[in-house]
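Working notes, structure below.
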Amino acid sequence: MKNSLGEKVWMRGIISSHLGVPGRKVLFTEHHQSHAAAAFLTAPTCRAAIMTADAVGEWATLSVGDGERLANGPTTIRRFREIRFPHSLGMLYSTFTAYLGFKVNEDEYKVMGLAAYGQPTLVEQVRKLIRRTPDGAFALDLNYFEFHTTAERCYSSRFIELFGPSRNPYEPIDLDTAEGQRFADCAASVQRVLEDTLVQLARALHEETGLPDLCLGGGVALNGVANARILAESGFERVFVPPAPGDAGCAIGAALYCDRICFGNPDRDLPDHPFWGPSVDGSELARLAREDGHFVEDCYDDALIDQIADDLAADRIVGWMEGALEFGPRALGHRSILAAPHTTEMRDRLNREIKYREPFRPFAPVVPIEVAARYFDIPPGGTRLARFMSGVFPVRREWRSRLQAITHVDGTARVQVLEPAMAPRLHALLEAYGQRTGIPVLLNTSFNLAGEPIVNRAVEGYSTFLRCRIDVLVAGETRVMKRTSAMTKTPVNTLKKEVA
Amino acid sequence: MYSARPHERPTAFDRMLIPVQRWIWSDADRRVQKLLRFSETETDGGRDILRAAEVTSDPLLRRLYLEHAIDEFRHGVLFRHRAAALLKVSPCRSNSGFQGDWLTPGGHGLDDLQVDGESDSDMLAFLHLSEKAAASRFTVYRDVMQHDPPTRAVFEEILHDETFHMNYTLTQLARVEPKRHRRHLWRARLSRLWKVYLRLATGLSGILGSMLLTIQYFVLLPPFAWLAKRAARRELSGWTIVSPGGSESLDRQY
């Protein structure tokens, strides 16, 4: 209530004063309307079914509808119906996120990663929490939850009776113990129920609309395993998920909704890439690194690509900054940490020395579209889903032993399939790396450390580079190699002694 | 009781609060909560200082800030690990009650800092005073922790770093602003005082707001709660049809 009275009711005034526009010019779109617009109006399709799902927005937690746009003509987005709070797939998943000791609305992806280590042995128990209603929707049994009555805890004591004690967030998950395995089984079970429910809802929507395309929006659409099952089992031929399907993407959705529907402006195609942020400046990196006495090289085009491919082939870890920053939570090739994908040692090294994160979390690969099918079992329509890393697909069995760092425990990977036009330099790097190693696949993880946002400017990449064991940093046409502290201009320990 | 090193002598105000601190830290639950909060504060402070490293144009400061930020992140980990160890021994109650830190929400008082807008000298003055205050408080915490040697050891280790932070910020301030560094320190002191007032005022208004909302909750809301519960009972689960014209007006927030 404090939050509502303190900020939310004054939102028009806050936006108006921050942007310096009159209050009457501030318009409000509904949350799921924005999700729907972000999913549909950024997708290269003229007519599609639309499904949005998240924890809650106003009252809606899931909505279905369709959209149609004509080139240089009008746009319509219809929402047929919605499921309302407290009945929420997002909240069901978030409740398990909290139960498993992770942060709600932040760490849901960890539950998905953990699920692969478990068996869905608790599906029947999870189904006690969520039942299907006669009209094809679902309802939560609120006796097992507390998120609708208090901000303190998501689940009730009955939930604990059903699943056992919750995990202490400050203790690591040890998958070799019965307790650790129970948590993995919980994750696998809620993941299975989420997938089943989404597939059934999507299948019903496909039967209702008869359309070949589905646009997915809302935070639940970040669940790549569920997205792949929707593509495989719902009947839709293509599934579109924008690069930022969560609440951040609502900003684009709201703007597009107002432009195309409220103001009635004619439809225009949007660039089909996620690179909407500020550009990186290689000269800024060169200046910083020279000031600190690191090796700096300015190379151009092919020479730089060749050099970086050599670095990667020599098992060096590369911080890669290129062009404009990605919008959304995925590293899609402009702010990435790149590494050789072949061994588990590389995965463990990245987890231990750079990302400082739980060992059960997988790393994603990036592969050129021309050869993606050789290494990954991507179904028809899957390359679209993999464009923005929105689907999880099997790594082909014969390549798993040579792609250990990016193959999850269940043999899958959240692969990015890269078209040359989307990120030409990364595509060229993949090809150059393929020429050296025979496998044009790289491990691609977001350029940040645990708990920090993805880097934006060169200076942020540089400070991240200095704080972890990334070997090489690239920004634009500048390549920096770290010197050991003994070789830098004034070692930090000396500095400490001097000034202390 | 106090260390012989002068920088570790707590301020008079902190010394006055020793009995309160002894009581606060005597309870294992409160200790865990405090350590977890310190962990968050140190990590947040680390992010702020890291940002300072990224925005400064002075190469030496950049490297010192970076080292400082790494220390703060490490302190966050130390506090978190110690809290986890305590939790393992005695799982925490859900409500830890009064913790006595109403006026000092952050160990370093780095809250509400707009790093991008601060000059190097303002930042250094601010950091110096924050580190000095933290060192003073941490000395008290260490000294009241006789009954818990591992937690005491954590404070001891962190205090060692605080000394470096306190000294380098002052040295660098004198380097960056040789003639006006005292003025910057006084300005930072006033700013801290103003923030104390703001915290007091915010705390007080929070109490008043809570009281008013609680009164409203019991006096005004029951009829609405009764109506809402009745409506909830009538509400069907499953799909709700979205009327085609229902969301056409974009002028209203609700």
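This one's a predicted model, so the numbers in the text were calculated from it and none came from an experiment. Note: hydrogens, waters and symmetry copies are ignored here, and every other heavy atom, side chains too, is used. Chain naming here is simple, since letters A, B, ... match the order of the sequence lines and numbering starts at 1 in each.
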Top of A:Arg78, A:Met11, A:Arg153, A:His87 for chain B proximity - count of heavy-atom pairs under 4.5 angstrom | A:Met11
Looking at side-chain heavy atoms only, is the closest gap between A:Arg81 and B:Thr240 below 4.5 Å?
-> no
How long is the gap from CD on A:Glu171 to NZ on B:Lys88, to the nearest 0.5 Å?
-> 4.0 Å
What part of B:Ile70 lies closer than 4.5 angstrom to a heavy atom of chain A: side chain, backbone, both or neither?
-> side chain
Which region of A:Arg457, side chain (C-beta onward) or backbone (N, CA, C, O), has a non-hydrogen atom less than 4.5 Å from a non-hydrogen atom of chain B, or is it both or neither?
-> side chain
Identify which of A:Val26, A:Asp135, A:Ile261, A:Val64 forms the greatest number of heavy-atom pairs closer than 4.5 Å to chain B.
-> A:Asp135
Rounding to 0.5 Å, atoms CG (B:Leu50) and OG (A:Ser463) come to a distance of 4.5 Å
Side chain to side chain contact (heavy atoms under 4.5 Å, CB included) between B:Leu250 and A:Phe28, worked out | CA-CA 5 Å; B:Leu250 303 180; A:Phe28 294 91; 5.5 Å; no
Could you tell me which portion of B:Leu170 (side chain, backbone, both or neither) has an atom closer than 4.5 angstrom to a non-hydrogen atom of chain A?
-> neither
Heavy-atom pair with the smallest gap, counting every atom of A:Val459 and B:Glu54 = CG2-O, 3.3 Å
Given that the side chain runs from C-beta out, which part of A:Asn168 has a heavy atom under 4.5 Å from chain B: side chain, backbone, both or neither?
-> side chain
Starting from the C-alpha separation in whole Å, work towards a yes-or-no answer on side chain to side chain contact (heavy atoms under 4.5 Å, CB included) for B:Leu66 and A:Arg467.
-> CA-CA 8 Å; B:Leu66 195 64; A:Arg467 285 180 297 133; 4.0 Å; yes
Rounded distance [0.5 Å steps], CZ in B:Arg62 versus CG in A:Leu288 | 4.5 Å
At a heavy-atom separation under 4.5 Å, does A:Leu201 approach chain B through its side chain, its backbone, both, or neither?
-> side chain
OG (B:Ser237) and CZ (A:Arg132) are apart, to the nearest 0.5 Å, by 12.0 Å
Measuring from A:Tyr170:OH to B:Leu86:CG, what's the distance to the nearest 0.5 Å?
-> 12.0 Å
For residues A:Glu82 and B:Val242, report the shortest heavy-atom separation together with the two atoms involved.
-> OE1-CG2, 3.6 Å
Nearest-0.5 Å distance, CZ of residue A:Phe138 to CH2 of residue B:Trp239 | 7.5 Å
Can you tell me if CZ on A:Arg469 sees more than 12 non-hydrogen neighbours from other groups inside 6.0 Å?
-> no
